[in-house]
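Lettering of chains follows the sequences in order, A, B, ..., and the numbering in each one begins at 1.
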2 protein chains.
Amino acid sequence: MSAPTGDQALIKRMNTAIVLESILRGAPLSRAQISERSGLNKATVSSLVQDLIDSSLVREIGRGQSSGGRKPVMLEFIATSGYAIGIDLGVNYIRGVLTDLQGAIVAERTSALRHSKPEPVLEELCRCIAELIAEAPKCAYGIVGIGVGVPGLVDDNGSLLFAPNLKWRDVPLKRLLSDQFCLPVTIDNEANAGALGEQKYGAGRQIPNLVYVSVGMGIGTGLVLNKLLYKGASGFSGEMGHISVEAHGKPCSCGNQGCWEMYASELALLESARPLGFDDLESLLAAAASGREDVLELFQGIGEYLGIGIANIVNVFNPDAVIIGNRMSQARPWIEETLRQTVIRRALGFHLRNVHLLFAELGERSAMMGAAEMAIAGFFARLKTV
Amino acid sequence: MSAPTGDQALIKRMNTAIVLESILRGAPLSRAQISERSGLNKATVSSLVQDLIDSSLVREIGRGQSSGGRKPVMLEFIATSGYAIGIDLGVNYIRGVLTDLQGAIVAERTSALRHSKPEPVLEELCRCIAELIAEAPKCAYGIVGIGVGVPGLVDDNGSLLFAPNLKWRDVPLKRLLSDQFCLPVTIDNEANAGALGEQKYGAGRQIPNLVYVSVGMGIGTGLVLNKLLYKGASGFSGEMGHISVEAHGKPCSCGNQGCWEMYASELALLESARPLGFDDLESLLAAAASGREDVLELFQGIGEYLGIGIANIVNVFNPDAVIIGNRMSQARPWIEETLRQTVIRRALGFHLRNVHLLFAELGERSAMMGAAEMAIAGFFARLKTV
DNA sequence: CTTAGTTTGTCTATCCAATAAACAAAGTCG
DNA sequence: CGACTTTGTTTATTGGATAGACAAACTAAG
């Protein structure tokens, strides 16, 4: 009914989180440094650090430099006290990764999908997860969770409501996987996962507010506000690919007209390239690289429309950064200039001052790493409540 | 440097807030009921309630009904222990209100503005505030703060950076007013204030996530997420009036092209109505009321474009409600049907399920009441930190 | 080498908020 | 009237944070 009430256990959880976060950010660190940075009393820090050591989350790694007194005992987070699984479930591939608790990759596995029917795909998915689990070294917490990024709409029960390109409807993915593996499972949209991946491990490190624009066959977007994924009222949001940028433009399968993704996605590019005799992105990229004028113009068209939509996003969210990801980010050399100019011309000056226009650093790994991060974040969140 | 650390004072503040909020929501309430609803121990509640009584925030109002035992002592919030000032600074008017701590209006004052130069306007503004302050009854906390909604961009220091219709630039409004009155001052955009006003006192009561669309000469928007105003990375955001809905449409003074407000605002309406011999909204409303076909068509055009932009908003934020406010809400009878149809046709089905399309209930008072609410919220926030 | 001063991390006594349990006061109902 | 309920306070206890004392470990100046 009401908010969780405050008691001493809450204080301890909060302060433990502060100590752990200090170590995560600034390791190696001594107890004295943690005390100074956090404002917590030395005695408090000592006690909490001892708890963390007892829980196998932190260890002492020997003496550090002295500045004229007793040498400090340096502490570090034990990233290998647990492992996370991150999955990027694509339309024709499954990418999976096993990472430690700091997102360092331990094992990786990719497989192509021939069918898109749920049953064989789920079978392959489970095989992939099982193999990754088998590769995890022995450790205190084992596998702490499974995160999955999917190309579709997910509700807050982790059911995949609708995935147009897979032609799936109402697949209770979270329940299926947690029944199978008896582990915490987090499911989210591919763009949300990508946003988190880039925020944590890619181009958006240390940037608290960003928008990730996943430009593939369609356009998906993920919103990170204050380092947290933003979800709308009913748990799914950010369908900015279906913002109408041409009020009476091409009809979209979503029912709207003139959706952004009808003009700035890979699909839009391929459609306008068909008369020139191209039918995939790779050949277009090759043609652009060899300097074909008509193809370069096509990319500039995409760049402009991407810029139009991004200017809209900047005006609405005023983020610190916008990150272009997914397949179209490969076209960076041929779209970046037009894109940047368009955004500069169209976005409001006050918002432009601080916004950075970036391209994904993790490439095809954005969503997979973000999925792993969801699992890791879930583990830390559980630490706080138990 | 780091997060605020947890100590016992924090617990007490949190639990005091829980108790106070229970009383605010459910008054009249007994100590026993608060204990049961909040999960706090009876003794804890007793102690915290005593503190609140000592601070003149709560009072006992006598015995309540018994259900077979000792009669409970009922408690209520003392709304009149403090008063707030809310100001709506418009382009050609100043509206001011004095409310108690629950937003009940005690005094109200409107004045027309002839000039728009800063000096005379500020003078009139100060006179308005002073007169309202003079009307406040004696009470424990006096005037707890001044909130002001302004037609322009505000930074997080409360400076009015740019107000196109007033032709103001860089007016440090917050500093001026707090110097003058020695009171806490909150400045925000008119649309943000309106959003808060409708969320708290108007059509959006109890709706945690909503978007308020202020349709006047331009279009402004205010975003309430989880009952709090959302601000972007640099403190100002939500310029959805400048989302481009016609990628290569009419150039806007903001530098962008095809901005929503070029097609769906009062300005857009007046422009298309000029050939018919109209030059203000009032005469158009009158003509529509008398059934003039060509005018009705104009309103339908506005309704359609409003719907196009609102569908975009619904797709992006998936709010619980969208509230149309400001002057154009008077045109409700002639735009609502078209607007509703357009949104239904264009927004994504999953998002539509839960969204309500509402019109402002407070009319021209939205922003003013929201401004008062900003001052009240500031008072409660200070209670928690001191 | 000696000695003074510094830094680290632990220990001790104390404070304070929440809590359970006991309790007195004030009621209902048969 | 007596058994039972409900309310709100009192009392003793718990547990986490804290200040300050302290021992250990170190640097550097003389």
Side-chain angles (χ1 to χ4, degrees), chain A residues 2-20 22-23 26 28-55 58-76 384, chain B residues 2-20 22-23 26 28-54 58-76 384 386:
Chain A
S2 181
T5 84
D7 61 357
Q8 310 223 63
L10 173 70
I11 291 191
K12 187 161 190 179
R13 283 200 305 273
M14 285 180 56
N15 290 342
T16 305
I18 288 175
V19 169
L20 185 54
S22 298
I23 298 177
L29 226 52
S30 72
R31 291 170 175 81
Q33 284 174 300
I34 296 171
S35 166
E36 196 177 349
R37 293 190 188 190
S38 66
L40 290 167
N41 188 281
K42 285 193 296 175
T44 309
V45 172
S46 266
S47 154
L48 297 178
V49 163
Q50 193 53 53
D51 288 354
L52 288 172
I53 291 177
D54 292 343
S55 333
V58 164
R59 74 177 146 220
E60 302 184 337
I61 52 167
R63 307 263 148 174
Q65 284 293 317
S66 156
S67 60
R70 171 174 164 184
K71 283 184 177 170
V73 178
M74 305 313 279
L75 302 166
E76 72 168 12
K384 287 181 198 172
Chain B
S2 180
T5 83
D7 61 355
Q8 311 221 61
L10 173 70
I11 292 190
K12 187 160 190 179
R13 284 200 304 273
M14 284 179 55
N15 289 342
T16 306
I18 289 175
V19 170
L20 186 54
S22 297
I23 299 176
L29 225 52
S30 72
R31 291 169 175 82
Q33 284 174 299
I34 296 171
S35 167
E36 195 177 349
R37 294 190 188 190
S38 65
L40 291 165
N41 188 282
K42 283 193 299 173
T44 308
V45 172
S46 265
S47 156
L48 296 177
V49 163
Q50 193 52 54
D51 288 355
L52 289 172
I53 291 176
D54 292 344
V58 164
R59 74 177 146 220
E60 302 184 336
I61 53 166
R63 307 265 150 172
Q65 285 293 319
S66 156
S67 59
R70 173 175 162 182
K71 283 185 179 172
V73 178
M74 305 313 278
L75 303 165
E76 73 168 10
K384 288 182 200 175
V386 179

Novice: Hey, is the main chain of B:Leu10 close enough, under 3.5 Å, to the side chain of B:Asp7 for a donor-acceptor pair?
Specialist: yes
Novice: In whole Å, what is the span from the CG atom of B:Leu40 to the P atom of D:dG8?
Specialist: 15 Å
Novice: Of all the heavy-atom pairs spanning B:Ser22 and B:Leu29, show the shortest one and how long it is.
Specialist: O-CD2, 3.5 Å
Novice: Can you sort out the partners of B:Glu60 under side-chain contact (heavy atoms from CB on, under 4.5 Å), two or more places apart, ordered by chain and number?
Specialist: B:Arg31, B:Ile53, B:Val73, B:Leu75
Novice: Quick one: on DNA chain C, does B:Arg63 or A:Gly69 contact a more 5' nucleotide (nearest heavy atom)?
Specialist: A:Gly69
Novice: Filter on side-chain hydrogen bond (donor to acceptor under 3.5 Å, both in side chains), then keep only pairs touching residues 62-75 of chain B, sequence neighbours left out; what's left?
Specialist: none
Novice: Write out all pairs satisfying salt bridge (charged side-chain N to carboxylate O under 4.0 Å, His left out) with one or both partners inside residues 43-54 of chain B, taking only residues at least two apart or from two chains.
Specialist: B:Lys12-B:Asp51
Novice: Please produce a list of atom pairs where a protein N or O lies less than 3.5 Å from an N or O of nucleotides 9-12 of chain C.
Specialist:
{"from": "C:dG9", "atom 1": "OP1", "to": "A:Val73", "atom 2": "N", "distance (Å)": "2.6"}
{"from": "C:dG9", "atom 1": "OP1", "to": "A:Val73", "atom 2": "O", "distance (Å)": "3.3"}
{"from": "C:dG9", "atom 1": "OP2", "to": "A:Arg31", "atom 2": "N", "distance (Å)": "3.3"}
{"from": "C:dG9", "atom 1": "OP2", "to": "A:Ala32", "atom 2": "N", "distance (Å)": "2.9"}
{"from": "C:dG9", "atom 1": "O4'", "to": "A:Arg70", "atom 2": "NH2", "distance (Å)": "3.3"}
{"from": "C:dG9", "atom 1": "N7", "to": "A:Lys42", "atom 2": "NZ", "distance (Å)": "2.8"}
{"from": "C:dG9", "atom 1": "O6", "to": "A:Lys42", "atom 2": "NZ", "distance (Å)": "2.8"}
{"from": "C:dT10", "atom 1": "OP2", "to": "A:Ser46", "atom 2": "OG", "distance (Å)": "2.1"}

Novice: Rounding to a whole Å, what distance do you find between B:Gln65:CD and C:dT28:C1'?
Specialist: 12 Å
Novice: Could you give me the CA-CA distance, side-chain angles and deciding distance for A:Leu52 and A:Thr16, then say whether side chain to side chain contact (heavy atoms under 4.5 Å, CB included) is met?
Specialist: CA-CA 8 Å; A:Leu52 288 172; A:Thr16 305; 3.8 Å; yes
Novice: How many angstroms lie between atom OG of A:Ser46 and atom CG of A:Leu40, to the nearest 0.5 angstrom?
Specialist: 11.5 Å
Novice: CD1 of B:Ile11 versus P of C:dT19: gap in Å, rounded?
Specialist: 9 Å
Novice: When the distance from CG of B:Leu29 to C1' of D:dG8 is rounded to whole Å, what number comes out?
Specialist: 14 Å
Novice: Is there side-chain contact between B:Lys42 and B:Glu36, with heavy atoms separated by less than 4.5 Å?
Specialist: no
Novice: Select base, sugar-phosphate, or nothing to describe what B:Ser66 touches, counting heavy atoms under 4.0 Å on all strands.
Specialist: sugar-phosphate
Novice: For the pair B:Ser47 (side chain) and B:Ala43 (backbone), establish whether a donor and an acceptor sit closer than 3.5 Å, ignoring hydrogens and angles.
Specialist: no
Novice: The helix from C:dC1-D:dG30 to C:dG30-D:dC1: angle between its terminal axes, five pairs each, to 10°?
Specialist: 0°
Novice: N/O contacts under 3.5 Å, protein versus nucleotides 2-4 of chain C?
Specialist:
none

Novice: How far apart are the C-alpha atoms of B:Val58 and B:Leu20, what are their side-chain angles, what is the distance that settles it, and do they pass the side chain to side chain contact (heavy atoms under 4.5 Å, CB included) test?
Specialist: CA-CA 8 Å; B:Val58 164; B:Leu20 186 54; 4.1 Å; yes
Novice: So, does A:Asn15 get its side chain near the phosphate of D:dA17, meaning an N or O under 4.0 Å from OP1 or OP2?
Specialist: yes
Novice: Write down the distance between CE (A:Met14) and P (C:dA17), rounded to a whole number of angstrom.
Specialist: 16 Å
Novice: Compare every heavy atom of B:Ser35 with every heavy atom of B:Val45, then report the nearest pair and how far apart it is.
Specialist: CG2-CA, 3.7 Å
Novice: Could you tell me the separation between the CG atom of B:Leu10 and the P atom of D:dG15, rounded to a whole number of Å?
Specialist: 20 Å
Novice: How many Å lie between CD on B:Glu36 and P on D:dT6, as a whole number?
Specialist: 10 Å
Novice: Rounded off to whole Å, could you give me the CD1-to-C1' distance for the B:Ile18 and C:dA18 pair?
Specialist: 12 Å
